[in-house]
Amino acid sequence: MKLSLIVPCFNEQDSLPAFYREVTAVLATVAYDYEILLIDDGSADQTLAVIKDLAEKDERVKYLSFSRNFGKEAAMYAGFCNVTGDYVAVMDADLQDPPALLPRMLQLLESGEYDSVATRRVTRKGEPPIRSFFARKFYQIINRISDVDIVDGARDFRLMRRKMVDAIVSIRESNRFSKGIFGWIGFKTYWMPYENVERVAGESKWNFWKLLKYAIDGIINFSGMPLAIASWGGMIMTLLSFLSLIFLVVRDLIFSNPVAGWASTVCIIIFIGGIQLFCLGIMGQYIARTYIETKRRPLYIVSESNVNPDNDVRRNDADK
Ligand code: UDP
Ligand code: MG
């Protein structure tokens, strides 16, 4: 049995040596053959040099280097396409996904009962409170409005069987939201809770706006609810305006009314105009995504690598 680790790295020159040291120490304690696939996601620092250095010393270290920054989702997808292991795990390079959990995760998969072992943080220690608050709200909302189950605090750190990897690779959408994809493909998953760990070196690549955009991606990719809200809102507004029209006509017939109240009319026009634009915007979000998906651009472009190109599982697909 072979284990593959997928590690997306974006400007991780300072964390990588520590990551490599810790992972190899842990993997030395388990009886598996393994490979570590480091994906350099267009880093601007010395990440690629550090990676090449590791690859030179240890042939179990494989790498792919992107031509630019394509994002963590693309890096994970590239990983899934190019690993050869029977068991595959995704891990962050900053040691926030403790390698020490791996032996226990492997054990759980070996027991045969589960197809995947996923991790979830039970604390958000060391995170700005406002970020935790919005993160919680996001999980509440998305679980209510979409049919996939997305666990609060779920990390991308998970170990899975080959069949799950094949399922993930078969999902081709370019706007990826892995937390949703993992839930969508199903399979039996064991959730392993653990305490949040702070990154060893460097800084988090996420700021508030990036996270907000990620959250909107998640919602739009896995739910049509915003569209439904728009059409329901439209219907309710139409009904209300119809009722008020009747009210006005009746009132005018009973007490003849001089011209008055233009201010309120303007308010109403602006209000309705705003709602219309908002709904158009929601539709636009879906249409824009449809547009991007129909272009079928590759999710990433590799500029350098030491991975055997035959490993790429998409190679044999007719519609690559
Ligand atoms: N990452 C990446 N591409 C990006 C951003 C991040 O490959 O555009 C990698 C990063 O190197 C790290 C992982 O994704 O291994 C998680 O990133 P980070 O630690 O910044 O996120 P956080 O842990 O704060 O959620
Ligand atoms: Mg991190």
Side-chain angles (χ1 to χ4, degrees), residues 4-23 36-51 54 61-83 89-99 101 118-136 138-139 150-158 174-179 182 194-215 217-218 299-305:
S4 298
L5 296 184
I6 298 173
V7 188
C9 312
F10 177 51
N11 295 345
E12 300 284 7
Q13 59 176 24
D14 299 326
S15 340
L16 270 175
F19 173 82
Y20 176 77
R21 220 179 310 122
E22 197 154 318
V23 162
I36 304 176
L37 177 55
L38 302 165
I39 294 119
D40 166 36
D41 185 11
S43 302
D45 64 0
Q46 293 304 309
T47 301
L48 183 58
V50 175
I51 289 178
L54 292 175
V61 174
K62 301 274 184 269
Y63 68 90
L64 289 167
S65 178
F66 288 177
S67 58
R68 65 168 172 88
N69 180 245
F70 281 89
K72 186 185 177 188
E73 290 289 336
M76 289 198 298
Y77 184 72
F80 284 124
C81 292
N82 287 284
V83 284
V90 183
M91 290 179 92
D92 284 3
D94 57 7
L95 284 177
Q96 274 191 304
D97 299 333
L101 296 181
T119 58
R120 67 179 259 269
R121 292 191 287 184
V122 284
T123 54
R124 287 178 172 269
K125 189 174 55 112
E127 200 182 62
I130 183 97
R131 187 164 149 179
S132 306
F133 172 80
F134 280 109
R136 290 248 152 75
F138 166 71
Y139 286 109
I150 298 172
V151 175
D152 185 4
R155 302 275 307 172
D156 290 329
F157 180 27
R158 60 164 77 208
S174 8
N175 238 310
R176 300 181 81 79
F177 182 71
S178 284
K179 289 185 171 65
F182 290 145
Y194 76 101
E195 299 269 322
N196 191 29
V197 188
E198 291 183 40
R199 59 161 46 240
V200 276
E203 276 181 4
S204 171
K205 275 85 199 170
W206 295 89
N207 57 34
F208 188 77
W209 290 112
K210 268 187 156 176
L211 279 174
L212 183 68
K213 198 180 155 288
Y214 190 60
D217 264 349
L299 269 67
Y300 59 89
I301 290 169
V302 174
S303 75
E304 266 181 76
S305 138

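Just the heavy atoms: all of them, side chains too, but no hydrogens, waters or symmetry mates, feed the values below. Atoms within each ligand, like the ligands themselves, are counted from 1 in listed order. Model, not experiment: these values are computed from the prediction.
- The protein non-hydrogen atom at the shortest distance from atom 1 (N) of ligand 1 is Phe10 CB, 3.7 Å.
- The nearest protein atom to atom 15 (O) of ligand 1, hydrogens excluded, is given as Pro8 O, 2.7 Å; this is a heavy-atom distance.
- Using a 4.0 Å cut-off between heavy atoms, Cys9 contacts ligand 1 through its backbone alone, with no side-chain atom that close.
- Under the 3.5 Å distance criterion, the side-chain polar atoms of Asp92 are left unmatched by any main-chain donor or acceptor of Asp94.
- Of all N/O/S atoms in Asp94, OD2 sits nearest the Mg ion (ligand 2).
- For the residue pair Ala93 and Pro8, the shortest heavy atom distance occurs at CB-O, 3.9 Å.
- Counting heavy atoms closer than 4.0 Å to ligand 1, residue Asp92 contributes atoms from both its backbone and its side chain.
- Cation-pi geometry between Arg68 and Phe70 is satisfied (NZ or CZ under 6.0 Å from the ring centre, within 45° of the ring normal).
- In the vicinity of Gln96, heavy-atom distances shorter than 4.0 Å reach the ligand 1 atoms 19 (O), 22 (P), 23 (O).
- Between Phe208 and Phe134, the ring-plane angle classifies as perpendicular under the 30° and 60° cut-offs.
- Remark: the backbone N or O of Ser178 is paired with a side-chain donor or acceptor of Glu73 at under 3.5 angstrom.
- Heavy-atom contacts of Glu12 reach the following atoms of ligand 1: 10 (C), 11 (O), 12 (C), 15 (O) (cutoff under 4.0 Å).
- Here Lys72 has heavy atoms under 4.0 Å from ligand 1 in both its backbone and its side chain.
- Because the distance cut-off is set at 2.8 Å, Asp92 fails to qualify as a neighbour of the Mg ion (ligand 2), as none of its N, O or S atoms comes that close.
- Nearest protein heavy-atom neighbour of atom 20 (O) of ligand 1: Lys205 N, 2.7 Å.
- For ligand 1, the atoms lying closer than 4.0 Å to a non-hydrogen atom of Asp94 are 19 (O), 23 (O).
- Counting protein heavy atoms only, atom 8 (O) of ligand 1 is closest to Asn69 ND2, 3.1 Å.
- Here the protein heavy atom with the shortest distance to atom 18 (P) of ligand 1 is Arg199 NH2, 3.4 Å.
- Checked by atom type and distance alone, the side chain of Thr47 pairs as donor or acceptor with a backbone atom of Glu12 at under 3.5 Å.
- Closest protein heavy atom to atom 24 (O) of ligand 1: Ser204 OG, 2.6 Å.
- Heavy-atom minimum distance, Val23 versus Ile36: CG1-CD1, 3.9 Å.
- Across every non-hydrogen atom of Tyr300 and Asn82, the tightest pair is OH-ND2, 3.6 Å.
- Close approach of ligand 1 to Ala93 is summarised as follows: ligand atoms under 4.0 Å from at least one heavy atom of the residue are 15 (O).
- Of the possible polar contacts, one joining the Asn11 side chain to the Ala44 backbone as a donor-acceptor pair under 3.5 Å is found.
- Residue Gly79 comes nearest to Ile39 through the heavy atom pair CA-CD1, 3.8 Å, listed as atom of the first residue, atom of the second, then distance.
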Item to check | Candidate pair Tyr20 and Val50, rule side chain to side chain contact (heavy atoms under 4.5 Å, CB included), full reasoning | outcome: CA-CA 11 Å; Tyr20 176 77; Val50 175; over 6 Å; no
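- Among protein heavy atoms, atom 4 (C) of ligand 1 sits closest to Asp41 OD2, 3.4 Å.
- Counting protein heavy atoms only, atom 21 (O) of ligand 1 is closest to Trp206 CD1, 3.0 Å.
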